[in-house]
Each structure stands twice: as C-alpha cells, then as structure tokens.
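Worksheet for the structure shown next.
In what follows, every chain begins at residue 1, and chains take the letters A, B, ... in the order their sequences are listed.
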Amino acid sequence: MSDFHAHIAVRALSHRYGGRSDIVLDRVSFEVQRGERLAVIGRSGCGKSTLLQIIAGLVHPATGEVTINGRTVTAPSPRCNLMFQRSLLFPWLDVAGNVALALRFVGQRNAQARVAHLLQFVGLRGYERASVTELSGGQQQRVALARSLAVNPEILLLDEPFSALDPVTRAELRQEVGAIIESLKITLILVTHDVDDALQLARRSIVMASHPGHVVADVALQSAAQGSALYADQRALLLASLEPEPALALSA
Amino acid sequence: MSLILASSQSIKLPRDLAWGARLGVPLLGLLLLFAVWAAGGWLIAHNPTTVAFAGFAPLPTLRRLGVMLANGAVVRAVVPSAVRIGAGLAAAIVVGIPIGILIGQSRFFRELTHLPFQLLRMVSPLAWMPIAILTFPTWDGAIIFLIAAAAIWPIIFATANGLKKLDPDWFKVARNLGAGFWHVLAAVIVPATAQDILTGIRLALGVAWIVLVPAEYLGVTSGLGYAINDARDTLEYDRLAAFVLVIGVIGFLLDGLLVLLIKRVSWARHD
Ligand SMILES: Nc1ncnc2c1ncn2[C@@H]1O[C@H](COP(=O)(O)OP(=O)(O)O)[C@@H](O)[C@H]1O
Ligand SMILES: [Mg+2]
C-alpha cells in the first residue's frame, strides 16, 4: 500500500517457546520489498519454520515485531499465506472442496469457476472430484498451493514445500511454482535447507545459523541457468555459508 | 484386521456364488433364528405344563402383531418410548460431546476425570433407579435420566477419541486462510470428528434402547416397557412377543440408519 515501507519488515525478532529455556530466534532483522523473492536457508532446527509462522501471525514473538505494509502483525491474515511442508489438506473433502473451503472462509460463495481456474493454474485440471488421499505427494502440494492462492495473498510464505517429494517431482514442481510466482508478482519468502530451491526460486538469500537462530549472511543471487558456471559459483557460496562456524567445528 | 483379511482371502468363492453368499448367509441366519423360535413355540404348545404360553410362537405373535399395527397399538406404545429415548439421547449428546472435547483437548481434565469416570461408567444405569426416582418429580424425568446416564459414556469416550485425529496444524492452515472460531468448528472440528462421534452415538443408542424397557417398568403407563409388563400381567403372551419383535426391529432399523450416516461422513481410508 504505502511506498514508504518495506513490504515486510522483521525487526529484532527473538523467540523462545513457552516453558523452554533455549532461544530459538535471536534478534533476527531483515526487510523484504514488494515483489521480492527471498530464500531463507539454514540447517534444520535453526528456527526457519518458527520465523515463518511469526511472519504469518500464527506464533506471537517473545520480543521484536513484524510489520507488513508498515503495520504490526498481530494475527493471521489471508493476505499473507503460509504453505507448509506437509500439504495439510482436509481428507474429508475432495480436491475442489479443499480449494473452495478457503474461499468460503473469506466469504466468497460462487466459487466453482474460481476453483476450476485455480486447479488449471496448478496443473490439476479435471481433478475436482478426486479424493485428496489418493493423490501423489506432488499433486497434494499442488492442491495446497491452489488453496493458498485462492484467497489472493499478496505474500506467499513457503516452508520447505518440496522437501517431502522425490527428486524428479521436486524439480518439476519447483519450476512450475517459479513460473506461477513470477506471473503473479507475489512477494515470496521461501524457507529451505536446499540451496537449489534458493537458487532457482529466489533473487536473494538470507543464511541462518542455529543455537540460537540468527542471520549470518544476506546475499543477492543472480539468475543463472542450472549447470552454468555462475550457478555453480553461487551454489558453492551458499553451501560454504551453511558450514558450521569454525569454533563450533573445532569443539565438535 | 489382518485376521479378517486372511480369512476373507482363504474363502475363494466363484463370483456369482460369492454374490449369493453375501446376501444369502445373513438371510440364512435370520431363517435359523426363526426356526429356533418356531421349534420353541411348537415345544411349548405340545407340553401340557406350558401350553398356556403358546402365544409366544411365531404364528400367534405375527397374527397379533398384524392386529396391533392395524389398530394403532404399536404406534401408541412406540411414540412415548421414542420421545423418552430421543430426550435421553439428546441430553447425553449435549452434555457428553463438550465433556469429550475437554478430555480430548486438556490433559489436566483427562487425568482429573479418568478415575471418577471409569468408576461411574461401570455402574449399571439401572442401579441409579432409586436415586433417579427420588431426584426427579416425574416418572418421565427419571426414565430420561436413566437413559441419559447409560448413553453418555460411549459419547464422551468416542468424542475424546475422535479429537485425537485432529492435526493441530489444520487449525493453523484454517486460521491462516481467514477462518474464525465458528469456521474452524464447522469446517474442521465437526467433519474431522463426525464419524467417531456418530459411532459413539450408535453405541449410546444401543445401550439406551436396552435400558429403556426396564426403565419403563417404572410408574409410567405408556411405552414399550410398560406394554410388555402389561401384556405379562394380562397373560397375553402373543401381545408380549409382538412387542418384543417390535423392539428388536426398531432397534435394528435405528442402528442401520446410524451405520449409513457413519458411512456418509467417514473419511479415513478403508484399507
Ligand atoms: N511448537 C514448539 N514448541 C516448542 N519448541 C518448538 C516448537 N516448534 C519448534 N520448536 C523448537 O524450536 C527450534 C526451531 O524449530 P523450527 O523453527 O522448526 O526450525 P527449522 O524449521 O529451521 O527446522 C527447534 O529446536 C524445535 O525443537
Ligand atoms: Mg522447519
């Protein structure tokens, strides 16, 4: 809305879960501009999922704040959608029912045409009446993506959306999601521990380290064809930044 | 599960025969029951010391049932019973489902109620009869209480069990998509737990239907239990047996209805 604010601003965010002493996030700060595509990479357990859920308003941070369009996030909103690693479809509904439910929540009634359009968009045309438990993992994630896009979010948060998939499906879906996000001009934060996800979907990457989770690097990524020298260089750089810190490596 | 699978695989019937068997075997069972009934009736009728009870046999019973259906006696007995069952079951559902949700969601409440509920559950509902009579000003109130006291346990435990199938992340997805409290309740909690709750209601209906008849031996002058007692007092054994038949058939139909409902709302894969 306003041009004076970053689309998303994360300010001095720290978090620990109730009843636990370990700090999950330690003073994490960064900004994301409208239409930017940011990858957050880091080893498992460094607080990436926690960070995304705080941005989505699903978890309240201990200290610090997240603003979207300059306004502090206090509750979840359909405008900022989080897609989980597990598709989390509702098994008592068919494919169309799952997508239509999102529209029902935001008060849209005549959803049929919109659902058909969304399913075509994610490559599941004709699957309206299919049972979600009979779909493959990749197809389930496509339905989840259609459900996420149904409410027209301006921000899409993806939490390792491909990590449960086999390598072939993974590469295929990654490419399609890239095309979809490009065409929608949506602001993207993608959380992953896979540097290829970051290189192929994002133009910038934040690297996190754990115990406690904090930002160690913020690098711009250039568009490069997979297999090119530039791609390989950037890949090596990201992988190196994911290495444990020297002190830790010594003590381990 | 695997046992059933193994046995169904070991019986390899040709297709058309299998089809006949699927309908035929249950019918055969019913026929056997009828045969035992008929044989019993014949024995009673041909024994001088029991001949007074000959009305229990199939033919007198069915003949009398026809008369009772025609003159409205069946409907007159069934309606008050149905009202009591409905009220008792409704009370058990209204109280039982929230308690079941509490047990399913709160560990504290689950642990707090575990011993008391296991104790209370084991008390025959009919054991509450004297207390119910003291507590409720009307016979109907006491009967409805007894039915509810029997029906509430399966509903509580089935509801608590159904909640275990709720994935906590479903709530996150729903809230993120803009769902409010009522949306979450109607679109996530109810459909996710419906099959378990209905299974609890099915069990509850079974015990309620069983408790109904002895409970209606109490004070009231209407309903199936009263009708059976009355038929015994007037030595009309064909009427008595006809009511027994009515109770069995209605219970069977109600149970079948719930089975259909449960199938409709089931979403877990049947494999
Ligand atoms: N709901 C929770 N309650 C308590 N601890 C949690 C919860 N979710 C995550 N954690 C802990 O927080 C840390 C970071 O988890 P998470 O944000 O899932 O990291 P990542 O997504 O990078 O793997 C882990 O140590 C994890 O055990
Ligand atoms: Mg995670």
- Message: Please check this pair: side chain of B/N176 against backbone of A/P76, looking for a donor-acceptor N/O pair closer than 3.5 Å.
- Response: no
- Message: Taking the side chain as everything from C-beta on, heavy atoms only, tell me whether A/W92 gets closer than 4.5 Å to B/V265.
- Response: no
- Flag side-chain contact, heavy atom, 4.5 Å: A/V106 against B/L177: no
- Message: Taking atom OH as the centre, does A/Y17 end up with more than 12 heavy-atom neighbours from other residues, nucleotides or ligands that are less than 6.0 angstrom away?
- Response: yes
- Query: Out of A/S77, A/P91, A/A102, which one racks up the most heavy-atom pairs below 4.5 Å with chain B?
  - Reply: A/P91
- Query: Can you tell if the side chain of B/K172 reaches within under 4.5 Å of the side chain of A/L82, non-hydrogen atoms only?
  - Reply: no
- Message: Please determine whether the number of non-hydrogen atoms from other residues, nucleotides or ligands lying under 6.0 Å from atom OH of A/Y127 exceeds 12.
- Response: no
- Item | Proximity breakdown for A/R147 and chain B, heavy-atom pairs closer than 4.5 Å | both
- Message: Could you measure the distance from the CG atom of B/D169 to the CG atom of A/L58? Nearest 0.5 Å is fine.
- Response: 9.5 Å
- Note on the structure: Under 4.5 Å to a heavy atom of chain B? For A/L89 that would be backbone
- Query: Does atom CZ of B/R110 have more than 12 heavy-atom neighbours from other groups under 6.0 Å away?
  - Reply: yes
- Task: Can you establish whether the number of heavy atoms outside A/Q112 located under 6.0 Å from its atom CD is more than 12?
- Result: no
- Message: Counting only non-hydrogen atoms closer than 4.5 Å, does B/A192 touch chain A with its backbone (N, CA, C, O), its side chain (CB onward), both, or neither?
- Response: both
- Of the backbone (N, CA, C, O) and the side chain (C-beta and beyond), which part of B/V188 lies under 4.5 Å from a heavy atom of chain A, both, or neither? both
- Note on the structure: Smallest heavy-atom separation, A/P78 atom then B/G178 atom, equals CG-CA, 3.8 Å
